[in-house]
**Student:** 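The structure's right below; bear with me while I get my questions together.
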Amino acid sequence: MQLSKSEEELMNIVWKLKKAFMKDLLEAYPEPKPATTTVATLLKRMADKGFVAYNSYGRSREYYPLVKKKDYFSKHVNGLIKNFFNDSASQFASFFAQETNLSKTELEELKKLIDDEIKKK
């Protein structure tokens with residue numbers, strides 16, 4: 001399942017805070033802050049999708065993530081590779097290396113990461 005752009009923005013805050021009450025989430029938003037009802041609606045949808053859960057303390061709820069950021073991002077990248085690069089990671093890597101403004105140092109770091117992964121195989 002996927003998150004909308006506004007849900008993703010809120011999910012990033014939940015991942016960053018790890019556990020948070022509504023007031024914590026609202027404080028973490030940049031200006032202009034959304035209405036409490038907007039955030040409550042987003043949290044409900046995200047809970048229904050299985051991305052967040054909460055513990056109740058009286059009338060307050062403490063929200064926490066059910067999905068790890070790395071897992072969500074990995075699924076996104078794999079979907080991107082499948083849908084836009086004919087399920088070819090090498091086509092994606094080629095596009096990434098050529099179409100982003102990576103410095104020589106960043107490209108060398110990327111090459112080292114790839115070399116290290118090759119050694120593990």
Side-chain angles (χ1 to χ4, degrees):
M1 247 202 231
Q2 205 163 332
L3 295 170
S4 69
K5 190 168 179 70
S6 52
E7 290 169 343
E8 213 169 79
E9 182 181 11
L10 178 54
M11 193 69 206
N12 273 311
I13 294 170
V14 174
W15 280 320
K16 182 180 176 189
L17 298 177
K18 295 182 177 64
K19 286 184 174 184
F21 291 96
M22 178 65 77
K23 67 176 181 61
D24 303 319
L25 296 170
L26 288 168
E27 284 175 13
Y29 264 98
E31 293 291 341
K33 296 185 186 299
T36 303
T37 53
T38 302
V39 176
T41 300
L42 292 173
L43 287 166
K44 166 95 172 78
R45 290 195 320 221
M46 291 161 58
D48 290 346
K49 291 179 180 181
F51 282 93
V52 297
Y54 59 86
N55 292 316
S56 293
Y57 299 98
R59 293 179 48 159
S60 297
R61 293 178 175 178
E62 184 179 41
Y63 293 89
Y64 58 91
L66 292 176
V67 175
K68 293 179 182 168
K69 187 173 186 175
K70 182 181 177 183
D71 293 342
Y72 181 73
F73 184 70
S74 177
K75 199 170 223 174
H76 257 325
V77 170
N78 287 326
L80 203 101
I81 291 169
K82 183 178 182 183
N83 295 328
F84 294 99
F85 297 97
N86 300 317
D87 214 7
S88 169
S90 60
Q91 281 184 20
F92 171 74
S94 173
F95 175 85
F96 180 76
Q98 293 171 359
E99 299 298 324
T100 56
N101 287 330
L102 296 174
S103 67
K104 184 177 180 180
T105 303
E106 289 170 321
L107 286 168
E108 287 169 350
E109 289 171 2
L110 190 56
K111 182 180 181 302
K112 184 183 179 318
L113 284 170
I114 292 169
D115 289 342
D116 289 347
E117 285 300 312
I118 290 170
K119 288 175 188 172
K120 292 178 188 176
K121 305 271 178 190

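Numbers for residues simply follow the sequence, beginning at 1. Since we're looking at a predicted model, the values are computed, not measured.
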**Student:** Taking only residues two or more places apart in sequence, or in another chain, which ones meet Glu117 in a salt bridge (Lys or Arg N to Asp or Glu O under 4.0 Å)?
**Tutor:** Lys120
**Student:** Measure the shortest side-chain to side-chain distance between Leu25 and Leu43 over non-hydrogen atoms and say whether it is less than 4.5 angstrom.
**Tutor:** yes
**Student:** With no hydrogens and no angle check, is any side-chain donor or acceptor of Thr100 less than 3.5 Å from a backbone partner on Phe96?
**Tutor:** yes
**Student:** Between Lys75 and Asp71, is there a side-chain N and carboxylate O pair less than 4.0 Å apart?
**Tutor:** no
**Student:** Taking all atoms of both residues into account, what is the closest heavy-atom pair of Pro34 and Leu26, and its distance?
**Tutor:** O-CD2, 3.6 Å
**Student:** Run the numbers on Asp24 and Ile13 for side-chain contact (heavy atoms from CB on, under 4.5 Å), then give the verdict.
**Tutor:** CA-CA 9 Å; Asp24 303 319; Ile13 294 170; over 6 Å; no
**Student:** State, yes or no, whether a side-chain contact exists between Leu42 and Ser6 at a heavy-atom distance under 4.5 Å.
**Tutor:** yes
**Student:** Working note: Tyr64 + Lys18, criterion side-chain contact (heavy atoms from CB on, under 4.5 Å); need CA distance, chi angles, decisive distance, verdict.
**Tutor:** CA-CA 6 Å; Tyr64 58 91; Lys18 295 182 177 64; over 6 Å; no
**Student:** Between Tyr29 and Glu9, does a side-chain contact (heavy atoms from CB on, under 4.5 Å) hold up when you go through it step by step?
**Tutor:** CA-CA 9 Å; Tyr29 264 98; Glu9 182 181 11; 3.9 Å; yes
**Student:** Between Asp115 and Lys119, is the closest basic N to carboxylate O distance under 4.0 Å?
**Tutor:** no
**Student:** Less than 4.0 Å between a side-chain N and a carboxylate O, is that true for Glu27 and Lys33?
**Tutor:** no
**Student:** In terms of relative ring orientation, are Tyr72 and Trp15 parallel, tilted or perpendicular, with 30° and 60° separating the classes?
**Tutor:** tilted
**Student:** More than 12 foreign heavy atoms under 6.0 Å from NZ of Lys44: is that the case here?
**Tutor:** no
**Student:** Do Met11 and Met46 make a side-chain contact, defined as non-hydrogen atoms from C-beta onward lying under 4.5 Å apart?
**Tutor:** yes
**Student:** Answer yes or no: are there more than 12 heavy-atom neighbours, outside Phe73 itself, under 6.0 Å from its atom CZ?
**Tutor:** no
**Student:** Side chain of Glu106, backbone of Ser103: donor and acceptor closer than 3.5 Å?
**Tutor:** yes
**Student:** Any side-chain heavy atom of Asn12 within less than 4.5 Å of one from Lys69?
**Tutor:** yes
**Student:** Looking only at the side chains, is there a donor atom on one of Asn55 and Lys19 sitting less than 3.5 Å from an acceptor on the other?
**Tutor:** no
**Student:** Do Thr41 side-chain atoms and Thr37 backbone N/O form a donor-acceptor pair below 3.5 Å?
**Tutor:** yes
**Student:** Counting the benzene-type ring for Trp, do Phe21 and Tyr63 have ring centres under 6.0 Å apart?
**Tutor:** no
